[in-house]
Every structure is written in structure tokens, then in C-alpha cells.
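Structure first, commentary second.
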Amino acid sequence: MTHTLCLAAGDILRALRGAACPSSALHLYSLFRLRLGPSVPPDFAWSAAAFALKPIAAASSLPLLSHFHGHLLRSNLLAYPHVASSLLRAYSLLSPPAAHQLFDQIPPTTCNIYVLNIMLASLCRSSDLGSARAFFDDIPDKDIVSWSTMLTCYFSRGHLADGLAFFRSVTFTTDIGVDGVMLATTLTACTSAGLPLPFCRAIHGYAVRGAIPPSMHLGTALIDFYSKAGRLDYAARVFALVPHRNVMHWTAMICGLASHLRNNEAVQMFEKMCQRRLQPNEMTFTAVLSACVNAGLVEKGREFFKLMVDRYCLEPNIHHYGCMVDLYAKAGLLEDAYEVIKTMKVEPNVIIWTSLLAACKKSKNFEIAVQGIEKALALEISDENAGLYMLISDLYAMGGRWDDVLKVRRLMDEHNVWKKRGLSSIHVHEPQDLSSVVVR
DNA sequence: ATAGGGTTAG
């Protein structure tokens, strides 16, 4: 008998709630059913089913989901709104048409505000804006999540003005009010649309007047917004005021420092965060590695990359590999850069090949260039790759391989690839002393 | 002990 069998039902439920992968969730679920048999109290039964559905949806396995759906039908669990809504959410993430079909079968008595909001979110992701809005208008007792979902729908489809008008109508025509989630999505939309600083600051002012704390998502959005607006000092102030500071806040702050080329401070913050036993995620590593690239900190970068894989068990993605290639390439360590490309577990992209080949050009290293070019030419030809093709043609010219130069030029002509002018949107401001605000 | 909306990357 395994020791898990000795767990009480409550313990199994708790474990089930925290289960990350579907196999352990399903294992715990069947253990739970086995222990309590058919006499399981209903509220225990439906919460177990609802918990199990979350990792199934996250693993995006449709066969697994329809199998579990069958079980729910056989055991009459679908009549519980919690189970119906969790199942609907799982389907909406894996197969929107199937979610629509399931929604039509849910009886009116089970169809509460949770079910309606999940269906609205599903339509926002998969259907057109008009259908989503029509569905929203038909929801009888809209709550803050209904409004929040619709608001996100406008912004995610680029309807900034309509979204802002919708935001105003929440405050003027309803008594629902606005919360930190709505402010975070609004602020993010305004930031990425490049709206002027005073306008975006007004959103922060709104939160302050409404006594909405800069916790969780709002805090992250504010730190990111102020960094991008060139006000690292404000970003640091928000960071210092966040009530329950988490990885996202640290990551946004490290990102901000790195993008302002305050590289050593970015590295210091990263190290401080690790000392405080906070688990950095893959985004945190992208930020700190890019700081290492900016500052040419080869050894630090190498150390952090190793830390990410060995200590934090994170799988490096294209951004991480890109940083490592750039780090070595800029330091003239072309063998190391090419070694990263050869051993990486994802396909190298244009950025990575450009980084390597630009370094080859600079230090006139043709051996590695020739090997890289052959593989880089396998990429799909598009406008985005124009710079890479120019680089390849330059390298061939430097090596005196004129027939190959012509070949690349002809390739560019055939596919009508033009070199576009790049525009830099990065503004670097005067350094400010942040030491008093960043650390508390 | 109870579902749903959301934040970060050249």
C-alpha cells in the first residue's frame, strides 16, 4: 500500500488542486473515487472533478478531455455548475466549436454567471467582436468579470478607442466599478498603443483614488509602463510599494533596468531576488541574460544560463539561446556561439543567424561563416530576412566568392525581398539614482 | 473550502 492511500479525502483534494500535470491529477482523482466510493458527499465529488479538469485543459489533450467528459456524464456530475463551467473552460481552450456545442446542451438551471462568462471569453478568443458583444448584451446579471472579459476583447483586437469608451461606460452607466485587473489590461493596451505619458498616468491616478492596490497584475503593468515611458524612478517607486511582491514584479523591474542599459543593477537585482528564495521564471532569465549581453558579461551570462537549466530546471527557449549566441558572438568567441547553435533544442531563427554572421564578418572568420550560411539559407525567405541576406552576400564578397554573391542577390530579387529602414524606438534617459527606492 | 476575466521578452 502506498502512503498516498493513507491520505484523507481532504488531503487528496488539496493535492489535486495543486496538481500540475494531467497524469498525476487523474491518478489522484481515481484514488479519491476509490477511497470514497459511491458514498462520496456531492460537494466533495464536484470539487474533485473541477480540480482535475484544470491540468487536463493545460495539457491540451482533447482525447483525454473527452474521456473525462464521458466519466462526468456517466456519474451525473455535469449537473453541478462548478463542473459544467470547468468542463466548458477546458473545451474552450482546446476546441472552441466543441465548447459552443457543449454550451447549447447546458440546461438553464445550470447556466449561471460563471458559465456565461466562460462562454463569453471563449467567443472573445475565437469568434468575431460583434458576436461576442451580442452575447455580452444578452447576459442578464453582468458582473465585473463579464465587463472585464468584454473589455479585454476590445483591446486584444486592437479596438483601443472602443475599449476606452467601454471602460468609461462601466464607471458611468453601472455600479459595478473597476478593479485592478481591468486597470491592468487598460494600462497595457494604452502602453502598447504608445499613448502619451499623462494619459497613462491618469490610469494610475484612478487606481490611487479608488484605493486599488498595485498588487499582482496591476503592479506588473505599472512597473512595465513606467519603464517603457522612460521613468525608471516611478517604476522603482511602484516596485517598492507593491504589497505582496512576486516574481512578476521583480521580472518587470529587471526588464526595465536592462532595457535602459542599467545592466549591473539588473544583475544585482536578479541576484538579490534569488537570495530571497524567489523562483525566477523563463522571462526573468531573458531579462538578466540580455543585461549580460548589453554589458558583455560573458562569465555571468554563462553562469546564469547554467543556473537556469541545472538549478531551476527551466527549458531554454529561443530568446535564451539568442542571448547566449549574441553574448559569445559580441565577445568574439565564435566557436562558443556556433556551439550553442549546434546544440540548441529549437530551430535557430533569423536573429540568431544574423548575430553569428555579423560577428563572423567583423572578425573575418570565414570557416564558421560558411558553415552557418549553408544552414541559414534554409530559412524561409521573407522581408524580415533581408538584413540576413545582405550580410550573407557581404560575407561571400569578402571571401571573393562572386558567383555566390550573385546567387544570393538573385534569390532576393526573385522573392522581392527589400531591405527596410529600421527605426529605433528606444529612448535612453539620464541615469537616475535609484538606490534609495529600489531596495527596502 | 468553492469556477470565471489578467501581468512580463528584440
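Here is the naming used below: chain letters follow the sequence lines, and residue numbers restart at 1 for every chain. Worth knowing before you read on, the calculation uses all heavy atoms, side chains too, and leaves out hydrogens, waters and symmetry mates.
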Under 4.0 angstrom, heavy atoms only, what part of the nucleic acid is A:W46 near: base, sugar-phosphate, or nothing?
base
For A:K54 and B:dT2, is the shortest distance between a side-chain N/O and OP1 or OP2 below 4.0 Å?
no
Which parts of residues 79-92 of chain A get close to DNA chain B, meaning a heavy atom less than 4.0 angstrom away?
A:P81, A:H82, A:S85, A:R89
With the side chain of A:D143 defined as its heavy atoms from C-beta on, choose the nearest nucleotide among B:dT8, B:dT7, B:dG4.
B:dG4
OP1, OP2 of B:dA1 versus side-chain N and O of A:R14: anything below 4.0 Å?
yes
Would you say the side chain of A:T149 and the base of B:dG5 hold a donor-acceptor pair, judged only by whether the two atoms sit under 3.5 Å apart?
no
Contacts table for residues 160-172 of chain A: side-chain donor-acceptor under 3.5 angstrom, sequence neighbours left out:
residue, atom, partner, partner atom, Å
A:S169, OG, A:F166, O, 2.7
A:T171, OG1, A:R168, O, 2.7

Kindly state which residues belonging to residues 94-117 of chain A come within less than 4.0 angstrom of DNA chain B, counting heavy atoms of the residue only, listed by number.
A:N112, A:I113, A:Y114, A:N117
Nearest-angstrom distance from the residue atom CG of A:L222 to P of B:dG6
18 Å
Provide, to the nearest angstrom, the distance between the CG atom belonging to A:D224 and the P atom belonging to B:dT7.
11 Å
Which pairs pass ring-ring contact (aromatic ring centres under 6.0 Å, His included) with one or both residues in residues 103-134 of chain A, sequence neighbours excluded?
A:F103-A:F135
Checking A:R201 now: which residues fulfil salt bridge (charged side-chain N to carboxylate O under 4.0 Å, His left out) with it, not counting sequence neighbours?
none
Closest listed nucleotide, where the reference is the side chain of A:I144 and the choices are B:dT2, B:dT8, B:dG5:
B:dG5
Specify the separation, in whole Å, of atom CG of A:L289 and atom P of B:dG10.
12 Å
Between A:L333 and A:L327, is there a side-chain heavy-atom distance shorter than 4.5 Å?
no
Calculate the interatomic distance between A:L151 atom CG and B:dG4 atom C1'; express it in whole Å.
16 Å
Which one, B:dG4, B:dA1, B:dT7, comes nearest to the side chain of A:I118?
B:dG4
Donor-acceptor under 3.5 Å (A:D336 side chain, A:E339 main chain)
no
List for me each residue that meets side-chain hydrogen bond (donor to acceptor under 3.5 Å, both in side chains) alongside A:D326, sequence neighbours excluded, and say none if there are none.
A:K330, A:S355
Taking the side chain as every heavy atom from C-beta outward, state whether A:N263 and A:V267 have any atom pair closer than 4.5 Å.
no
Would you say that A:T174 contacts A:K142 through its side chain, given a criterion of any heavy-atom pair below 4.5 Å between the two side chains?
no
Are A:L379 and A:L388 side-chain neighbours, meaning at least one heavy-atom pair lies under 4.5 Å?
yes
Where the side chain of A:T220 is defined as all heavy atoms beyond and including C-beta, which of B:dA9, B:dG5, B:dT7 is the nearest nucleotide?
B:dT7
If you compare every side-chain N and O of A:K142 against the phosphate oxygens of B:dG4 (OP1, OP2), does one of them come in below 4.0 Å?
no
Just to verify, what does A:K362 make a side-chain hydrogen bond (donor to acceptor under 3.5 Å, both in side chains) with, not counting sequence neighbours?
none
Gap between atoms CE and P, on A:M324 and B:dA9 respectively (whole Å):
21 Å
Within this structure, what is the CG-to-P distance between A:L53 and B:dA3, rounded to whole angstrom?
13 Å
How is A:T152 classified with respect to the nucleic acid when contacts are heavy atoms under 4.0 Å: base, sugar-phosphate, or nothing?
sugar-phosphate
Check: A:R157 side chain, A:C124 main-chain N or O, donor-acceptor pair, under 3.5 Å
yes
DNA chain B-proximal residues of residues 167-186 of chain A, any heavy atom under 4.0 Å
A:D179, A:V181, A:M182, A:T185
Under 3.5 Å, sequence neighbours excluded: what are the donor-acceptor pairs made by side chains of residues 311-318 of chain A?
residue, atom, partner, partner atom, Å
A:N317, OD1, A:H319, N, 2.9
A:N317, OD1, A:H320, N, 3.2
A:N317, OD1, A:H320, ND1, 3.1

Residue list, side-chain contact (heavy atoms from CB on, under 4.5 Å) with A:T152, at least two apart or on another chain:
A:T185
Distance in Å, A:D138 CG paired with A:R133 CZ, rounded so as to fall on 0.5 Å steps
11.0 Å
Of B:dT8, B:dG4, B:dT2, the nucleotide closest to the side chain of A:T188 is B:dT8
If you look only at distance, which donor and acceptor atoms sit under 3.5 Å apart when one is on a side chain in residues 43-57 of chain A and the other is two or more places apart or in another chain?
residue, atom, partner, partner atom, Å
A:S47, OG, A:D43, O, 2.7
A:S47, OG, A:F44, O, 3.2

Which parts of residues 309-319 of chain A get close to DNA chain B, meaning a heavy atom less than 4.0 angstrom away?
A:N317, A:H319
